[in-house]
Peer 1: 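Pasting a structure here, questions to come.
Here is the naming used below: chain letters follow the sequence lines, and residue numbers restart at 1 for every chain.
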Number of protein chains: 2
Amino acid sequence: MPSEDQTIEIAEMFRLMGDATRLRIILACREKPAFVNELAARLGSSQSLISHHLRLLRAARILKAERHGKQVFYSPADEHISSMIADMVHHVGETVAEEADV
Amino acid sequence: MPSEDQTIEIAEMFRLMGDATRLRIILACREKPAFVNELAARLGSSQSLISHHLRLLRAARILKAERHGKQVFYSPADEHISSMIADMVHHVGETVAEEADV
DNA sequence: CAGATATATGAACATATGTTCATATCTCCA
DNA sequence: TGGAGATATGAACATATGTTCATATATCTG
């Protein structure tokens, strides 16, 4: 059993992944790391919204940022988190398949 | 890449795990499945609060409920989700250890 | 340096969410 | 059947959160 502090930290991690917009950003970076404007375009969201969320994901070390001139390049920072999301993707895919079988 | 619907479903799963009270309930059931009143006592929360959260966890098939007379027994329903949480517990434990090393 | 481009940030707002309190529902037993 | 115990549920409330708009900051180029 995790400590109380760890429990809160774990919940915070899950909470960050628990918003569709943020999850899309993580998935997008997983598929192909990109600059902020590219992410905004790919996800069809405003630059401001993406940037606000990127800040949270960066602070939680889920994504990392590298500046290249005027642009900032975002990519997965935490492979463990990243593979956990992949695992959940797999899980949901399976669950849907099971339900379809019935 | 998951579909839009799947993305929302995945986010919803993470969101459910992203609240400290709910996470504590899941962890408690993982450690030792129990009746509602036991869970409330172990977590030091009100029966009402626990029950509200149990409803969400049950609906998401993260926990399952079995009635035994007047009491209702809750235990993990989804082993995959359960092991994913265990994985996150491990992850946070490691991260803390790494930071301590520095 | 001035302007343009890319990103970050702050304020404001509407909505979602967790918690509490009161009460309903269900189950057992005298 | 009536009452007590265990759980579920609804309303109300305070707070947290996601989004937008406006604007600041940073970087490059002429």
Side-chain angles (χ1 to χ4, degrees), chain A residues 4 7-29 32-77, chain B residues 4 7-29 32-77:
Chain A
E4 180 58 21
T7 302
I8 290 171
E9 192 182 341
I10 294 166
E12 175 66 13
M13 274 295 188
F14 281 133
R15 194 182 65 80
L16 285 171
M17 299 186 270
D19 172 74
T21 305
R22 276 194 298 269
L23 185 60
R24 280 186 211 108
I25 294 174
I26 300 171
L27 289 168
C29 283
K32 184 170 172 15
F35 299 111
V36 178
N37 52 359
E38 290 174 352
L39 289 171
R42 280 162 64 190
L43 301 178
S45 302
S46 74
Q47 177 270 319
S48 176
L49 178 59
I50 297 296
S51 189
H52 275 295
H53 285 305
L54 283 174
R55 173 144 85 128
L56 300 176
L57 297 172
R58 201 182 343 131
R61 296 167 191 261
I62 293 174
L63 298 183
K64 68 182 172 207
E66 303 166 64
R67 189 172 268 282
H68 292 266
K70 280 182 284 190
Q71 290 175 291
V72 179
F73 191 72
Y74 281 86
S75 56
Chain B
E4 181 57 22
T7 302
I8 290 172
E9 192 182 341
I10 294 166
E12 176 66 13
M13 275 293 190
F14 282 132
R15 192 182 65 80
L16 285 171
M17 300 186 269
D19 173 75
T21 305
R22 275 194 298 269
L23 184 60
R24 279 185 212 108
I25 294 174
I26 300 171
L27 289 168
C29 283
K32 184 168 173 14
F35 298 111
V36 177
N37 52 358
E38 290 174 352
L39 289 171
R42 279 162 65 188
L43 301 179
S45 302
S46 74
Q47 178 269 319
S48 176
L49 179 58
I50 298 295
S51 189
H52 275 296
H53 285 306
L54 283 173
R55 174 144 84 128
L56 300 176
L57 296 172
R58 203 184 339 132
R61 296 169 192 260
I62 292 175
L63 298 182
K64 68 181 172 210
E66 303 167 62
R67 188 171 269 282
H68 292 267
K70 280 181 284 190
Q71 291 174 290
V72 179
F73 191 73
Y74 281 85
S75 55

Peer 1: Would you compute the distance between atom NE2 of B:His52 and atom OG of B:Ser45 and round it to the nearest 0.5 angstrom?
Peer 2: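 B:His52 NE2 to B:Ser45 OG: 12.5 Å, rounded to 0.5 Å.
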Peer 1: By nearest heavy atom, map B:His52 and A:Leu49 onto DNA chain D; which one lands nearer the 5' end?
Peer 2: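 Checking each residue's closest nucleotide, the 5'-ward one belongs to B:His52.
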Peer 1: When we call it a touch if two heavy atoms are under 4.0 Å apart, what does A:Thr21 touch: a base, just sugar-phosphate, or nothing?
Peer 2: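 Sugar-phosphate, no base atom in range.
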Peer 1: Between the base of D:dA8 and the side chain of B:Gln47, is there a donor and acceptor pair under 3.5 angstrom?
Peer 2: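 Check passes, donor-acceptor contact within cut-off.
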Peer 1: Without decimals, in angstroms, what is the distance between B:Ile25 CD1 and D:dT7 C1'?
Peer 2: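 That distance rounds to 14 Å.
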Peer 1: Within this structure, what is the CG-CG distance for the pair B:Leu49 and B:Leu39, rounded to the nearest 0.5 Å?
Peer 2: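 The CG atom of B:Leu39 is 11.5 Å from CG of B:Leu49, to the nearest 0.5 Å.
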Peer 1: Would you please name every residue forming a side-chain hydrogen bond (donor to acceptor under 3.5 Å, both in side chains) with A:Glu4, sequence neighbours left out?
Peer 2: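 Partners of A:Glu4 by the side-chain hydrogen bond (donor to acceptor under 3.5 Å, both in side chains) criterion, ordered by chain and then number, come out as B:Arg24.
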Peer 1: With side chain to side chain contact (heavy atoms under 4.5 Å, CB included) as the criterion, how do B:Val72 and B:Leu54 come out once you've worked through the C-alpha distance, each side chain's angles and the decisive distance to 0.1 Å?
Peer 2: CA-CA 11 Å; B:Val72 179; B:Leu54 283 173; over 6 Å; no
Peer 1: Evaluate side chain to side chain contact (heavy atoms under 4.5 Å, CB included) for A:Met17 paired with B:Ile10, printing each intermediate quantity in order.
Peer 2: CA-CA 9 Å; A:Met17 299 186 270; B:Ile10 294 166; over 6 Å; no
Peer 1: How many angstroms lie between CZ in B:Phe14 and CZ in A:Arg15, if you round to the nearest 0.5 Å?
Peer 2: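 Here the interatomic distance stands at 14.0 Å.
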Peer 1: Dump the intermediate steps for side chain to side chain contact (heavy atoms under 4.5 Å, CB included) on B:Glu12 and B:Glu9, then the final yes or no.
Peer 2: CA-CA 5 Å; B:Glu12 176 66 13; B:Glu9 192 182 341; 5.5 Å; no
Peer 1: Going by heavy atoms closer than 4.0 Å, what residues in residues 53-73 of chain A are next to DNA chain C?
Peer 2: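 A:Arg55, A:Arg58, A:Lys70, A:Gln71, A:Val72 - these, ordered by number, are the residues of the stretch whose heavy atoms sit under 4.0 Å from the strand.
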Peer 1: Reading DNA chain C 5' to 3', which nucleotide is the first, and which the last, to come under 4.0 Å of any heavy atom in chain B?
Peer 2: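 On DNA chain C, the outermost contacted nucleotides are C:dT17 to C:dC28.
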Peer 1: Answer yes or no: is there a donor N or O on one side and an acceptor on the other, between the side chain of B:Arg22 and the main chain of B:His53, under 3.5 Å?
Peer 2: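 Looks like no, no N/O pair under 3.5 Å.
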Peer 1: Which residue pairs satisfy the salt bridge (charged side-chain N to carboxylate O under 4.0 Å, His left out) criterion with at least one member in residues 42-53 of chain A, sequence neighbours excluded?
Peer 2: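 Salt bridge (charged side-chain N to carboxylate O under 4.0 Å, His left out) check on residues 42-53 of chain A returns A:Glu31-A:Arg42.
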Peer 1: Among residues 8-20 of chain A, which residues get a heavy atom nearer than 4.0 Å to DNA chain D?
Peer 2: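 Going residue by residue through residues 8-20 of chain A, the ones with a heavy atom under 4.0 Å of DNA chain D turn out to be A:Arg15, A:Asp19.
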Peer 1: Not counting sequence neighbours, which residues clear side-chain hydrogen bond (donor to acceptor under 3.5 Å, both in side chains) with B:Glu38? List them please.
Peer 2: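 B:Glu38 satisfies side-chain hydrogen bond (donor to acceptor under 3.5 Å, both in side chains) with no residue once adjacent residues are dropped.
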Peer 1: State the CG-CG distance between B:Leu57 and B:Leu23, to the nearest 0.5 angstrom.
Peer 2: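 Going from the CG atom of B:Leu57 to the CG atom of B:Leu23 covers 9.5 Å.
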Peer 1: Can you check whether B:Asn37 has a side-chain N or O nearer than 4.0 Å to OP1 or OP2 of D:dG5?
Peer 2: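 B:Asn37 to D:dG5 OP1/OP2: no side-chain N or O under 4.0 Å.
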